[in-house]
Amino acid sequence: MINDTVITEEMILTAQENGVLTITLNRPDRLNSFNDEMHRQLSDALKIAERDETVRCLVITGAGRGFCAGQDLNDRNVAVGSATPDLGFSVETYYNPLIRRLTALPKPIICAVNGVAAGAGAAIALAGDIVIAAKNASFIQSFCRLGLVPDSGGSWFLPHLVGQARAMGMAMLGDKISAEQALQWGMIWQVTDNDQLTQTVDSLAQHLATQPTYGLGLIKKAIHRAATNTLDEQLDLERDLQRLAGRSHDYREGVGAFLNKREPKFQGK
């Protein structure tokens, strides 16, 4: 009897505890580089963060010795005589929706960068709200070495984070940027010792999971919009978002706790 059962490798691992959802990219033998199935599994995992109200902080990290090496080139057929691949289709179908979902998620995202973050992997890391990297981490815009253009928001994140001169150098030279250099340039929030990354991220994630999640989501929206808004547009946006924040349960709880000199118990609403 032939067994037709198809076993799907777990390329994305999820763990949920105390309001924190941890998503681990799990192709360590390929430095957690993406193929189509991994994209589909990550998309399913993100639905938990989007739909489960008990999730109040998302952590993204990588298994093994790297965060993510971007696209798995073994998943591309570029042999002489083969049909030219439509890379724009892959970007539009997988990478662009991923970046849009991460930046639109109304909950804080911590990216814990353990090792190399290259190509689209670097862009995914920079799409996090708070990026913490181990000392052995590095960021590489490797597209230029293949004759390609930074995608997954890379050409947007870099100039906004480090300025045009540094962004141009990173994109055109493809040099490895160390965690310490990324910190100095304002690309990331914090660098930790390699063996302290998990503990540092867990502590911060647990803290964020107890904070006013709804308000943090509004902060996230305001800061992302600031990149393209005029000052007048941003002032109007701040007014509108503050109006929403002032109607939240957490605002009332925060004020009540302050007036009564007690610790607030935020519900994320």
- prompt: Is a donor on one side and an acceptor on the other found under 3.5 Å between the side chain of T200 and the backbone of Q196?
  reply: yes
message: Could you check whether any side-chain N or O of T93 sits under 3.5 Å from a backbone N or O of F89, counting only pairs where one atom can act as donor and the other as acceptor?
response: yes
- prompt: Do L58 and L46 touch side chain to side chain, with heavy atoms closer than 4.5 Å?
  reply: yes
- line: Distance col, row S152:OG vs L98:CG, nearest 0.5 angstrom, shows 7.5 Å
field: Gap between atom OG1 of T14 and atom CD1 of I48 - 0.5 Å precision
entry: 4.5 Å
- prompt: Does the side chain of I60 come within less than 4.5 Å of F67's, by heavy atoms?
  reply: yes
- line: Minimal heavy-atom distance between P159 and G154, with the atoms involved, is CD-O, 4.3 Å
- prompt: How many angstroms lie between atom OG1 of T210 and atom CD of E263, to the nearest 0.5 angstrom?
  reply: 9.0 Å
message: Tell me whether E50 at atom CD has more than 12 heavy atoms from other residues, nucleotides or ligands lying less than 6.0 Å away.
response: yes
- prompt: Atom OG1 in T103, atom CZ in R101: separation rounded to 0.5 Å?
  reply: 11.5 Å
- prompt: Under 6.0 Å between the ring centres of H249 and F266?
  reply: no
Within-4.5 Å side-chain heavy-atom neighbours: L218 and L244: yes
Do any side-chain atoms of residues 107-129 form donor-acceptor pairs under 3.5 angstrom with protein atoms, and if so which ones, sequence neighbours left out?
from	atom 1	to	atom 2	distance (Å)
K107	NZ	A49	O	2.6
K107	NZ	D52	O	2.9
K107	NZ	V55	O	2.9
N114	OD1	T61	OG1	3.3
N114	OD1	G62	N	3.3
N114	ND2	G62	O	2.7
N114	ND2	G64	O	3.3
N114	ND2	G66	O	3.4
D129	OD2	I109	N	2.8
D129	OD2	K220	NZ	3.1

- prompt: Is there a donor-acceptor contact under 3.5 Å from the side chain of N35 to the main chain of M38?
  reply: yes
- request: Taking D86 for its side chain and G88 for its backbone only, find out whether a donor-acceptor pair lies under 3.5 Å.
  value: yes
- request: Give the intermediate values and the outcome of side chain to side chain contact (heavy atoms under 4.5 Å, CB included) for residues L197 and I132.
  value: CA-CA 8 Å; L197 178 64; I132 300 179; 3.8 Å; yes
field: Sub-4.5 Å side-chain heavy-atom contact between I130 and L204
entry: yes
query: Do you know the tightest heavy-atom contact between P97 and E92?
result: CD-O, 3.2 Å
message: Please determine whether residues Y95 and L105 belong to a single hydrophobic cluster, defined as Ile, Leu, Val, Met, Phe, Trp and Tyr linked transitively by side-chain heavy-atom distances below 4.5 Å.
response: yes
Contacts under 3.5 angstrom, residues 161-170 side chains, donor-acceptor by atom type, not counting sequence neighbours:
none

Min side-chain heavy-atom separation E238-R243 under 4.5 Å: no
- request: Might you confirm whether atom CZ of R65 has over 12 heavy atoms from other residues, nucleotides or ligands at distances under 6.0 Å?
  value: no
task: Flag the pair K135 / T192 as yes when at least one side-chain heavy-atom distance between them is below 4.5 Å, and no otherwise.
output: no
task: Please check if the side chain of Q71 supplies one atom and the backbone of F34 the other of a donor-acceptor pair under 3.5 Å.
output: yes
field: Polar side chain donor-acceptor pair, Q41 to E37, under 3.5 angstrom
entry: yes
message: Is there a path of hydrophobic side-chain contacts, each under 4.5 Å between heavy atoms, that joins L21 and L25?
response: yes
task: Just do the side chain to side chain contact (heavy atoms under 4.5 Å, CB included) check on D250 and S248 with the steps written out, would you?
output: CA-CA 5 Å; D250 284 343; S248 69; 4.2 Å; yes
T213: partners by side chain to side chain donor-acceptor pair (under 3.5 Å), with sequence neighbours left out: R56
- prompt: If we only count heavy atoms from C-beta on, is the I23 to L13 side-chain gap below 4.5 Å?
  reply: no
- request: Apply side chain to side chain contact (heavy atoms under 4.5 Å, CB included) to Y94 and L42, showing your working.
  value: CA-CA 10 Å; Y94 296 116; L42 178 55; over 6 Å; no
field: ILVMFWY cluster, L241 and I219 together (side-chain gap under 4.5 Å)
entry: no
field: side chain to side chain contact (heavy atoms under 4.5 Å, CB included) between L237 and N229, worked out
entry: CA-CA 9 Å; L237 177 64; N229 274 353; 3.9 Å; yes
message: Tell me the closest heavy-atom pair linking I12 and N26, and the distance in Å.
response: N-CB, 4.3 Å
- prompt: Q181 and S138: side-chain donor and acceptor closer than 3.5 Å?
  reply: no
- request: Under 4.5 Å between side-chain heavy atoms, chaining through other members, with only Ile, Leu, Val, Met, Phe, Trp and Tyr counted: pull out the rest of the cluster around L231, sorted by chain and number.
  value: L235
- request: Output every pair passing ring-ring contact (aromatic ring centres under 6.0 Å, His included) with a member in residues 186-222, not counting sequence neighbours, ordered by first then second residue.
  value: none
query: Which residue pairs pass the ring-ring contact (aromatic ring centres under 6.0 Å, His included) test with at least one member in residues 113-172, sequence neighbours excluded?
result: W156-H160
message: Please check this pair: side chain of N194 against backbone of N136, looking for a donor-acceptor N/O pair closer than 3.5 Å.
response: yes
field: Check: E253 side chain, K265 main-chain N or O, donor-acceptor pair, under 3.5 Å
entry: yes
query: How far does CE of M187 sit from CG of L158, to the nearest 0.5 angstrom?
result: 6.0 Å
- request: Using the rule that two of Ile, Leu, Val, Met, Phe, Trp, Tyr join whenever any of their side-chain heavy atoms come within less than 4.5 Å, decide whether I188 and L208 are in one cluster.
  value: no
message: Measuring from atom NZ of K47 to atom CG of D44, what distance do you get when rounded to the nearest 0.5 angstrom?
response: 4.5 Å
task: For Q206 and S203, indicate whether the former's side chain and the latter's backbone hold a donor-acceptor pair under 3.5 Å.
output: no
- prompt: Is there side-chain contact between Q16 and T22, with at least one heavy-atom pair below 4.5 Å?
  reply: no
query: Which pair of non-hydrogen atoms, one from C144 and one from M172, has the smallest distance, and what is that distance?
result: SG-O, 3.5 Å
- prompt: What about V59 and L216, same hydrophobic cluster or not, with Ile/Leu/Val/Met/Phe/Trp/Tyr joined at side-chain heavy-atom distances under 4.5 Å?
  reply: yes
